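The model shown is predicted, which means the values in this text are computed figures rather than measured ones. Naming convention: chains lettered A, B, ... in sequence-line order (proteins, then strands); numbering from 1 in each chain.
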2 protein chains.
Amino acid sequence: MSGQAVEEVLAVLRERGGRVTVGRRAVVEALVETTGHMRAEDVVTRVQAGHPDVHASTVYRTLESLEEAGLVTHTHVGHGAAVWHLAGDDRLHLACDRCGEVVHIPPGLFDEVEDHLRHSLGFEATLRHIAVPGVCMACSRAAPP
Amino acid sequence: MSGQAVEEVLAVLRERGGRVTVGRRAVVEALVETTGHMRAEDVVTRVQAGHPDVHASTVYRTLESLEEAGLVTHTHVGHGAAVWHLAGDDRLHLACDRCGEVVHIPPGLFDEVEDHLRHSLGFEATLRHIAVPGVCMACSRAAPP
DNA sequence: TTCCGTGCAAACAATTTGCAATAGA
DNA sequence: TCTATTGCAAATTGTTTGCACGGAA
């Protein structure tokens with residue numbers, strides 16, 4: 001069924017007048033196969049593991065196209081890195097500053113804060129676009145502050 | 001009195017065995033004079049306006065040293081940029097995706113969410129380390145979604 | 001046939017690093 | 001004096017771009 005998910009994404013791409021190529025399929029497969037949170041670089045690595053002939057720039061351009069088509073989104077994690085995942089997968093992210101782990105948490109958790117910012121400041125916050133940094137349980141146990 | 005703030009920071013640096021130089025003083029002055037939210041690059045520009053002889057790498061190294069000494073912190077703003085400010089200046093940040101404006105909001109606003117994450121997941125979130133992205137009031141009026 | 005996507009290599013931006021010279025404490 | 005800092009230039013890292021060719025529709 002993950003194969004089906006891949007085809008669905010590619011179908012949308014095709015509908016919009018885009019073309020489906022080996023590289024693009026490989027990028028989508030990589031995103032479907034992993035639970036998400038892969039940095040662009042990781043996508044490149046994973047794609048090239050199966051398709052050494054697919055160039056890195058193709059991966060970057062594919063991610064861009066997929067995002068433009070609304071099929072994929074990226075989330076910023078701390079130090080400039082971004083993680084990519086299929087759209088619709090609207091989980092929120094926590095990123096551990098120590099071990100780098102990115103954890104998914106259910107959506108809705110920040111609704112209250114977002115509402116508050118909207119009402120008090122007119123600011124439309126999109127917390128799903130970033131990973132909230134901090135220290136995960138495992139790391140804080142390993143080395144308490 | 002901002003001059004005094006500068007001396008206070010430099011004094012701590014000196015206490016720790018560090019040395020106070022023209023470049024370091026200029027970096028601290030830049031941070032004291034502005035309300036904060038300057039990217040590293042902006043600090044370089046501002047420092048060099050008054051001291052063209054201070055090299056960019058010196059500014060980067062100084063920011064690093066100041067952070068190590070706990071005198072300065074940085075906050076990540078969306079696409080990889082980071083803004084620097086004096087420690088103790090613990091305001092939270094919102095960053096508009098459209099116009100790039102960085103707005104300060106009072107601390108404490110995220111306490112509830114942070115508590116929740118701590119209790120339910122054992123995750124010590126530090127929302128002050130990032131700017132929450134979104135669209136500011138002015139921009140959402142200019143071009144509603 | 002069309003023209004979208006691709007590989008390639010070079011450009012890029014922002015930051016970092018190695019090293020010898022300089023200048024605080 | 002002693003060694004933390006600096007300037008400089010070169011190396012890095014991660015991503016983007018221009019261009020001519022190749023392949024999906």
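The main-chain N or O of B/V54 is found under 3.5 Å from a side-chain atom of B/Q48 such that the two form a donor-acceptor pair. Formation of a donor-acceptor pair under 3.5 Å by the B/D115 side chain with backbone atoms of B/E112 is not found in this model. Counting only distance, with no hydrogens or angles, the side chain of B/H93 and the backbone of B/R128 share no donor-acceptor pair below 3.5 Å. For A/H129 (side chain) and A/H74 (main-chain N/O), a donor-acceptor pair under 3.5 Å exists by modelled atom type.
Following chains of ILVMFWY side-chain contacts shorter than 4.5 Å, one can reach B/L92 starting from B/L117, so the two form part of one hydrophobic cluster. With hydrophobic clusters built from ILVMFWY side chains whose heavy atoms lie under 4.5 angstrom apart, A/V102 does not share a cluster with B/L121. Cluster annotation: B/L86 is connected to B/V20 through the hydrophobic network of ILVMFWY side chains, with a link wherever side-chain heavy atoms come within less than 4.5 Å.
Rounded to an integer number of Å, the gap from CD of A/E64 to P of D/dG14 is 19 Å. Rounding to whole angstrom units, CD of residue A/E41 and P of D/dT16 are separated by 13 Å. Here D/dT3 presents its C1' atom at 17 Å from CZ of B/R14, a figure rounded to the nearest Å. Atoms NE2 (A/H76) and C1' (D/dT15) sit 13 Å apart, rounded to a whole Å. Rounded to whole Å, the distance from CG on B/L63 to C1' on C/dT15 is 12 Å. What separates CD of B/E68 from P of D/dA4 is a distance of 13 Å, to the nearest Å. Nucleotide C/dG5 holds its P atom 11 Å from the CZ atom of A/R16, rounded to whole Å. When rounded to the nearest whole Å, the span between NE2 of B/H74 and P of C/dT15 equals 11 Å.
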Below 3.5 Å, can you tabulate the donor-acceptor pairs from side chains in residues 8-15 of chain A to any protein atom, sequence neighbours excluded?
none

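In the helix from C/dA13-D/dT13 to C/dA25-D/dT1, the rotation axis of the first five pairs and that of the last five pairs differ in direction by 30°, rounded to 10 degrees.
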Would you tabulate the nitrogen or oxygen pairs shorter than 3.5 Å linking the protein to nucleotides 5-8 of chain D?
{"from": "D/dT5", "atom 1": "OP1", "to": "B/R19", "atom 2": "N", "distance (Å)": "2.8"}
{"from": "D/dT5", "atom 1": "OP1", "to": "B/R24", "atom 2": "NH1", "distance (Å)": "2.8"}
{"from": "D/dT5", "atom 1": "O5'", "to": "B/R24", "atom 2": "NH1", "distance (Å)": "3.3"}
{"from": "D/dT5", "atom 1": "O5'", "to": "B/R24", "atom 2": "NH2", "distance (Å)": "3.3"}
{"from": "D/dT6", "atom 1": "OP1", "to": "B/T21", "atom 2": "OG1", "distance (Å)": "2.7"}
{"from": "D/dG7", "atom 1": "OP1", "to": "B/D53", "atom 2": "O", "distance (Å)": "2.7"}
{"from": "D/dG7", "atom 1": "OP2", "to": "B/H55", "atom 2": "N", "distance (Å)": "3.0"}
{"from": "D/dG7", "atom 1": "OP2", "to": "B/T58", "atom 2": "OG1", "distance (Å)": "2.2"}
{"from": "D/dG7", "atom 1": "N7", "to": "B/R61", "atom 2": "NH2", "distance (Å)": "3.0"}
{"from": "D/dG7", "atom 1": "O6", "to": "B/R61", "atom 2": "NH2", "distance (Å)": "3.4"}

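Put simply, B/Y60 has a side-chain N or O that comes within less than 4.0 Å of OP1 or OP2 on C/dT15.
The pair A/E68-A/R16 does not meet the salt-bridge criterion, since no charged nitrogen lies less than 4.0 angstrom from a carboxylate oxygen.
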